[in-house]
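All remarks here apply to the structure that follows.
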Protein chains: 2
Amino acid sequence: MAMPAAMTLLAWNRLVRAADLANQHCAGALRAVGLPPPEWYDVLLALERGGAQRPRDLQAALGIEQYTLSRLVDRMVKARLVSRTPCPADARGHLLQLTIEGLAMRAAMWPIYAEAIETALGARMDEEDRAALARLLAPLAEQPRAEPLSA
Amino acid sequence: MAMPAAMTLLAWNRLVRAADLANQHCAGALRAVGLPPPEWYDVLLALERGGAQRPRDLQAALGIEQYTLSRLVDRMVKARLVSRTPCPADARGHLLQLTIEGLAMRAAMWPIYAEAIETALGARMDEEDRAALARLLAPLAEQPRAEPLSA
DNA sequence: GCCCTTTCGATGCATCTGCATGGAAAAGCC
DNA sequence: GGCTTTTCCATGCAGATGCATCGAAAGGGC
């Protein structure tokens, strides 16, 4: 396998660093006003958009580990933002349902989160560059397909 | 503050996801062959390039939290990859020095790490796009300057 | 010199994460 | 039906992280 070109390494370093800085900025903004971290937002949004759903589906949608979601949901249930209700179709699982408080929390988080994203990303590049960035990152943001078998 | 444009959100989502996937890929590749995680590599490389240095300087160079580095170094010292020696100029601190094993470890990690980067990034976009990506990410990969005071 | 403030680095504690595993229900097979 | 395999989700345990704080040394003013 070829070693990475210099430009690949530069892009790599910047990618990791940019994402990390931006993430920290957002997490910090939410924390600073006493709101839960971004991953809670993702769950709340997914449940609001997709309706009540099973952990397995939510996990796939969010792209996180099974045990990560399991415990994340634990905390959110404890915080009354999400409820677990029995799943009629499969007694192993259950449905995750947004509570009223969860709905309100999503709404409360959005302005803060949005402003943080705008500060970290939107305000630092023009529309053309944002579009170019989104386009370039598209292939990297997908799950890698399985390696095609070589003959 | 303006809410983010749709393109900002798309770029944001892809940025976070792309960095996360790529990171996982690299960490997994190293772990799969029994090597330490990428952040160890960063420390080893910084010490190799910059020579023995103090935690404070290393921390700034790596852009991580003070306590994160403190404990990371703890583990690496325990693994004999790094040694702490008294600092002649400042008795509060000490110098972090790469050991022979640390040097060897950096060399051992590089092929694996490099191949992972190549797979995750280099092989998925052409040279032109890599350059464009690096350019677009440049402003995001810098520490945000302090907000200029408004009049 | 002395005192006060700042910087350096480590650490107690609570929380979070990753890995491996567990138990229970469902699906497939005969 | 009965049996094995697979899927679903939780959890014990060890390790990592974040936050606040601490002790020690350095720096600054006098």
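So you know, we letter chains A, B, ... as the sequences are listed, proteins then strands, and number each from 1. The figures here come from the full heavy-atom set of this structure, side chains too, leaving out hydrogens, waters and symmetry mates. Quick caveat: nothing in here was measured; it's all calculated off a predicted structure.
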Any residue meeting side chain to side chain donor-acceptor pair (under 3.5 Å) with B/R31, in chain and number order, not counting sequence neighbours: none
In whole angstroms, how far is the C1' atom of C/dC16 from the CD atom of A/E65? 14 Å
Applying side-chain contact (heavy atoms from CB on, under 4.5 Å) to B/L45 and not counting sequence neighbours gives B/Y41, B/R49, B/R106
Residue list, side-chain contact (heavy atoms from CB on, under 4.5 Å) with B/L62, at least two apart or on another chain: B/D42, B/V43, B/A46, B/L58, B/I64, B/L69
For A/Q53 and D/dC8, give me the distance from atom CD to atom P, rounded to whole Å. 14 Å
At what distance, to the nearest 0.5 angstrom, does CG of B/L15 lie from CG of A/L121? 6.5 Å
Apply side chain to side chain donor-acceptor pair (under 3.5 Å) to B/R84 and list each qualifying residue two or more places apart in sequence or on a separate chain. B/D74
Once each nucleotide of nucleotides 6-13 of chain C is scored for protein heavy atoms under 4.0 Å, what B/S/- sequence comes out, 5' to 3'? -BSBBBBB
Results of side chain to side chain donor-acceptor pair (under 3.5 Å) for A/T99 - residues two or more places apart only: A/E101
Using heavy atoms and a sub-4.0 Å distance, could you list which residues of residues 35-51 of chain B are near DNA chain D? By number, please. none
Applying side-chain contact (heavy atoms from CB on, under 4.5 Å), name anything that partners A/A132, two or more places apart in sequence or on another chain. B/L136
Return whichever of A/R75 or A/A91 has its heavy-atom-nearest nucleotide of DNA chain C closer to the 5' end. A/R75
Sequence-distant partners of A/T68, side chain to side chain donor-acceptor pair (under 3.5 Å), two or more places apart: none
